[in-house]
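This one's a predicted model, so the numbers in the text were calculated from it and none came from an experiment.
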Amino acid sequence: MPEHAPSPSPSRAVYGFVLYLGSCSALGLYLMWAVMPDPVLHSLGLTYWPQKYWAVTLPIFGCVLLAVFAFLFYPGLNFMLVPAVDDLRNVTDSHSIPLNESLITEVPPASDLSLSVVCRALYLRKNDTASSEPKST
């Protein structure tokens, strides 16, 4: 069986169970530390704990970091990785068929169109300057 197969295996089951137990234990400790008063924790012999301030601050800080990543960093990274509109890598690959201008007849042969040609045909009007000027009465 390949190592990257998504099917369950005994080792994955063990790792998943240990991860489940560890995360439940960590959540239990966190809630115990956040909710129990300090004198109760001290009576149990647990004296070295961070301030209760961090019980609220760390989750909020994590949510803010997640929001910044989701709304700013991730889209910005995607914008940096996308080539420009007129770049050939944007619409061509090894299977693309370029348009040969010399072979055009009444019915053009099958070929791939560039993104700029498609956008010009779809979104630009023929008399764009006349329609954008206000009409005088």
Side-chain angles (χ1 to χ4, degrees):
M1 177 169 55
E3 188 175 325
H4 299 294
S7 61
S9 64
S11 64
R12 284 189 183 176
V14 170
Y15 290 148
F17 185 66
V18 169
L19 183 64
Y20 170 74
L21 288 179
S23 62
C24 285
S25 301
L27 178 65
L29 281 173
Y30 170 76
L31 290 176
M32 184 180 75
W33 164 63
V35 174
M36 283 189 179
D38 282 337
V40 174
L41 291 174
H42 288 252
S43 69
L44 295 172
L46 305 171
T47 57
Y48 187 72
W49 289 93
Q51 295 178 357
K52 300 284 180 159
Y53 165 82
W54 294 106
V56 175
T57 304
L58 288 178
I60 291 174
F61 186 67
C63 289
V64 168
L65 282 178
L66 181 67
V68 166
F69 179 79
F71 294 116
L72 296 177
F73 182 74
Y74 189 66
L77 183 65
N78 284 335
F79 281 135
M80 286 176 26
L81 294 176
V82 172
V85 173
D86 58 347
D87 192 352
L88 287 177
R89 292 175 298 165
N90 207 7
V91 291
T92 60
D93 60 3
S94 61
H95 303 289
S96 295
I97 305 169
L99 179 63
N100 190 347
E101 299 286 337
S102 64
L103 295 178
I104 293 181
T105 58
E106 288 184 21
V107 178
S111 63
D112 295 315
L113 298 175
S114 70
L115 186 60
S116 58
V117 170
V118 173
C119 287
R120 234 181 280 123
L122 289 176
Y123 303 118
L124 288 181
R125 293 183 227 146
K126 297 224 184 222
N127 49 3
D128 208 14
T129 57
S131 64
S132 63
E133 296 175 1
K135 294 181 181 180
S136 60
T137 56

Of all heavy-atom pairs between Thr47 and His42, which one has the smallest distance, and what is that distance?
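Nearest pair, atom of Thr47 first, then His42: CG2-ND1, 3.8 Å.
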
Which heavy-atom pair separates Ile97 from Ala110 by the least distance, and what is that distance?
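That closest heavy-atom pairing would be CG2-O, 3.7 Å.
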
If hydrophobic residues (ILVMFWY) are linked whenever their side-chain heavy atoms come closer than 4.5 Å, directly or via other members, who joins Phe61 in its cluster?
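Reading the cluster by chain and number, Phe61 sits alongside Leu65.
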
What's in the same ILVMFWY side-chain cluster as Leu66, cut-off under 4.5 Å, chained through other members?
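Noted: Leu66 shares its cluster with no other residue.
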
Pair Met32-Leu46, side chain to side chain contact (heavy atoms under 4.5 Å, CB included): steps then yes or no:
CA-CA 11 Å; Met32 184 180 75; Leu46 305 171; 4.1 Å; yes

Considering residues at least two apart in sequence or located in another chain, which fulfil the side chain to side chain contact (heavy atoms under 4.5 Å, CB included) criterion with Pro37?
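Expected list: Pro39, Val40.
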
Can you list everything that forms a side chain to side chain contact (heavy atoms under 4.5 Å, CB included) with Tyr74? Sequence neighbours excluded, please.
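Testing Tyr74 for side chain to side chain contact (heavy atoms under 4.5 Å, CB included), a comparison that skips the adjacent residues, returns Phe69, Asn78.
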
Please tabulate, for side-chain N and O atoms in residues 14-26, each donor-acceptor pair with protein atoms closer than 3.5 Å (sequence neighbours left out).
residue	atom	partner	partner atom	Å
Ser23	OG	Leu19	O	3.1
Ser23	OG	Tyr20	O	3.0
Ser25	OG	Leu21	O	2.8

Does a sphere of radius 6.0 Å around OH in Tyr30 hold more than 12 heavy atoms from other residues, nucleotides or ligands, not counting ones at 6.0 Å or beyond?
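Yes, enclosed.
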
Quick check: is Val64 connected to Leu72 through a chain of hydrophobic side chains (ILVMFWY, heavy atoms under 4.5 Å apart)?
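Yes.
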
Would you tabulate the side-chain donor-acceptor contacts of residues 48-60 under 3.5 Å, counting partners in other chains and residues two or more places apart, or write 'none'?
residue	atom	partner	partner atom	Å
Lys52	NZ	Trp33	O	2.3
Lys52	NZ	Met36	O	2.4
Thr57	OG1	Tyr53	O	2.8

